[in-house]
Amino acid sequence: MSADPGGPESLPRHIAVIMDGNGRWAAARGLPRAMGHRQGVEAVRALVRGAGELGVTHLTLFGFSTENWRRSSEEVNTLFDLLKQFVDADLDDLARNGVRIRILGSRAGLSRDIGDIIDRAESRTAANTQFNLNIAFNYGARDEIVRAVRALLEEAASGAFDGKVDEKAFAARLDTSGLPDPDLIIRTSGEMRISNFLLWQGAYAELVFLDVLWPDFTIEHMKEAIAIYQSRHRRFGGRP
Ligand code: IPE
Ligand code: IPE
Ligand code: MG
């Protein structure tokens, strides 16, 4: 839980983004959905480069949800290929620039090569501290919560955990263990829902919904969302 009371003027330390609208972007151009996803990766690249310059230190991007398995196998394969291509092409550069990469989500159901890519990205950047890039991939908040409960039960059964469950012990078993909660969650494409993203961590996040489709997202939209965030008063249940 963030100790920073936030409020006007303060910069969000951790921004999380539900990158939505790739399919509609492609459909509007008469292109296959894959082209929308491809263009979406370009928006990711630009954002990862620009976010650090804005002073944000943690960026979490929702790339593939546990519910996205309901899409065609062709589309699912495209999204997995794009993660692989992104890491292959950008890992060196990100590692050199002090970016620490974490992949949030379940490893169950992922192929061996995707698992290897995730391990490579995380281990290669584990010592970096300049900027934190988290990619939620095969991520669903309900699944994450269930996995955390299972971890607590298993550790309690083996004696590794004393069984005293509190918020801190629980949060430490989530994929985001050690990371600050998101201050701001942005969703693009005009949809106004959370779609199973960061349900625990986002308990007090400010939500900003933008009408732009993800492939058209630029650093200017990020600045716009930050300005909206900065105009709000975070109260965390208290009375300022
Ligand atoms: C977001 O774009 C990318 C993922 C969910 C993987 P969509 O593919 O959901 O695009 P729309 O919502 O159909 O336009
Ligand atoms: C949320 O977008 C998941 C990602 C951005 C990866 P969806 O497009 O899958 O969400 P719904 O289906 O509109 O709720
Ligand atoms: Mg969508």
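This is a predicted model, so every value here is computed, not measured. Counting begins at 1 with the first residue of the sequence. Just so you know, ligand 1 is whichever comes first in the structure, and atom 1 is the first atom listed for that ligand. The basis for the numbers below is simple: all heavy atoms, side chains too, and nothing from hydrogens, waters or symmetry mates.
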Going by the atom numbers of ligand 1, which of them fall below 4.0 Å from some non-hydrogen atom of N68? 5 (C), 6 (C)
Which residue is it: T60, D181, T176? I am looking for the one with a side-chain hydrogen bond (donor to acceptor under 3.5 Å, both in side chains) to Q201. T176
Please work out which of the three classes, parallel, tilted or perpendicular, describes the rings of F197 and F62, given edges at 30° and 60°. parallel
With a 4.0 Å cut-off, would you call D183 and R13 a salt bridge? no
How far is atom 13 (O) of ligand 1 from its nearest protein heavy atom, and which residue and atom is that? R33 NH2, 3.0 Å
Could you tell me whether the side chain of N134 and the main chain of L104 form a donor-acceptor pair under 3.5 Å? no
Answer yes or no for G63: is there a heavy-atom contact with ligand 1 below 4.0 Å? yes
Where does F197 meet ligand 2, judged by heavy-atom distances below 4.0 Å: at the side chain, the backbone, both, or neither? neither
Answer yes or no: does an N/O atom from E191 fall short of 3.5 Å to an N/O atom of ligand 2? no
Have a look at V17, T66, I194, I18 and point out the one with the heavy atom closest to atom 1 (C) of ligand 2. I18
Kindly confirm or rule out a cation-pi arrangement of R71 over F64, judged by NZ or CZ under 6.0 Å from the six-membered ring centre and within 45° of its axis? no
For atom 14 (O) of ligand 1, which candidate among M19, H37, E75, R24 holds the nearest heavy atom? R24
Using modelled atom types only, decide if a donor and an acceptor are shared between the side chain of R24 and the backbone of S189 within a distance under 3.5 Å. yes
Among all the protein's non-hydrogen atoms, which is closest to atom 10 (O) of ligand 1, and how far away is it? G23 N, 2.9 Å
Can you tell me if S189 contacts ligand 1 (heavy atom of the residue under 4.0 Å from the ligand)? no
Closest non-hydrogen protein atom to atom 4 (C) of ligand 1, residue and atom name please, with distance? R71 NH1, 4.0 Å
Once you restrict to heavy atoms under 4.0 Å, what part of R187 touches ligand 2? Side chain, backbone, both or neither. side chain
Quick check, are the ring centers of W69 and F80 under 6.0 angstrom apart? yes
If you look at D20, which of its N/O/S atoms is nearest to the Mg ion (ligand 3)? OD1
Any idea which atoms of ligand 1 are less than 4.0 Å away from a heavy-atom of L79? 6 (C)
Considering only NZ, NE, NH1 and NH2 on the basic side and carboxylate oxygens on the acidic side, decide whether K84 and D113 come within less than 4.0 Å. no
